[in-house]
Amino acid sequence: MKKYWFFGLFVFIFMLTHTPQGLFSQTSPTQASPDRSSSYWSRFKFELTTAVSYHKSLLDSSYFHQYSPPFLSGAYESLADQTIKIRGRDGWGFNAGLAFFPVTNFGVQFLVDYAKPKISGGNKEYDVWLNYALSFDASPPYPNIFEYTYGWPDTGGQLTEVCLSLNGAFRLPVSKRLAFNLSGGLTYFHIDGEGTGIAYSYYWWEDGWFKGRTFNIKTKIGTIDKLGLNLGAEFNWVLWGNMCFVLDARYFACPSSTLPMKIIDEGLVTPPPPPFEGITFDEVKETMNLQKLTVNPSFYRLNLGFKYLF
């Protein structure tokens, strides 16, 4: 049902715009008029807004990971693969805005949006196949085979979203207490993120036993710095003096980007036991050979906050 909340908001605004102005006016119904409303709002050239924001991310992607897990005790051939799901979750942020109206109905608006929505996604199983020998001078096919399917945890992590918008704005006074704003324009998107979900394994032979270790690797998603668009509608209700309650629904659109992923070196890959040498961070990066991920940075945003008119 969440996808219908914009429709519900539209119905709410529609009903308000068709409510008799006398219900909202600071004067009696016989005194209120469009001219008086416009005259009241024309006194205010600037609007300063602060609000909390509910964000609905449109990120919905997947990544197919395939590599060759190392075997430390002899010659080998190996293959491992999995499919990672990466979806943006709903989250909260905050927003600030400044608008200037040189005339009653038309102006310019500057917005700053910030949010850190989480990412998740149900991942498929992690499959490993290893054909190995217990000496380094053996020739394939090797005499031993290891096959295993790991149940794998969901993707975890977060995005960091910073958006700067410069808009044209249209203000429609309805009464001395009520006005609607429509605005839209260019948005500069700065978005990056990090998360877990990609597997890495290595194996060895020790005291007659086949052993291995498997890790849930943390990765950094490349940064998006790109221009896009935004479009939104705003409901303003004067509570007292120059202070308004603000409800703002807005869509931020930005083209999808194909970004590199990099392993974050946080010591997650523990070294094998002696006499084996430790596996370096550069060796892990080279073995995993991560490819690029497609990211859709677009999102919907609903603001709830206050506006000061001056």
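Sequence neighbours left out, the pairs with a member in residues 136-145 that pass side-chain hydrogen bond (donor to acceptor under 3.5 Å, both in side chains) are Ser135-Asp137. Residues in residues 108-123 take part in these side-chain hydrogen bond (donor to acceptor under 3.5 Å, both in side chains) pairs, two or more places apart or across chains: Asn95-Asp113, Gln109-Asn167, Gln109-Ser183, Asp113-Arg301, Asn123-Thr155.
Of the inter-residue distances, the one linking Asp60 atom CG with Thr294 atom OG1 reads 11.5 Å to the nearest 0.5 angstrom. Note that OG1 of Thr219 and CE of Met261 are 5.5 Å apart. Values are rounded to the nearest 0.5 Å.
A centroid separation of less than 6.0 Å is found between the aromatic rings of Tyr54 and Trp92. For Phe210 and Tyr132, the ring centers are positioned less than 6.0 Å apart. In this structure, Tyr308 has its ring center under 6.0 Å from that of Phe310. Between Phe106 and Phe170, the ring centre distance stays below 6.0 Å. For Phe100 and Phe46, the ring centers sit closer than 6.0 Å to each other.
Ring pair Phe44/Tyr40 is perpendicular by interplanar angle, where above 60° counts as perpendicular and below 30° as parallel. A parallel orientation is assigned to the rings of Phe299 and Phe252, their planes being inclined by less than 30° (bins at 30° and 60°). In this structure, Trp152 and Tyr150 have perpendicular ring planes: the angle between them is above 60°, well past the 30° mark.
Residues passing the salt bridge (charged side-chain N to carboxylate O under 4.0 Å, His left out) test with Asp207, sequence neighbours excluded: none. Residues that satisfy the salt bridge (charged side-chain N to carboxylate O under 4.0 Å, His left out) test with Lys218, not counting sequence neighbours, are Glu194, Glu266. Checked against side-chain contact (heavy atoms from CB on, under 4.5 Å), Phe136 has no partners two or more places apart in sequence or in another chain.
Atom CZ of Phe146 has more than 12 heavy atoms from other residues, nucleotides or ligands within 6.0 Å. Tyr188 OH: more than 12 foreign heavy atoms inside a 6.0 Å radius.
Here the shortest heavy-atom pairing between Tyr67 and Ser201 reads OH-N, 2.7 Å.
Salt bridge status for Arg171 with Glu234: absent, with no side-chain N to carboxylate O gap under 4.0 Å.
Using a 4.5 Å cut-off between side-chain heavy atoms of Ile, Leu, Val, Met, Phe, Trp and Tyr, Leu229 falls into a hydrophobic cluster with Leu186.
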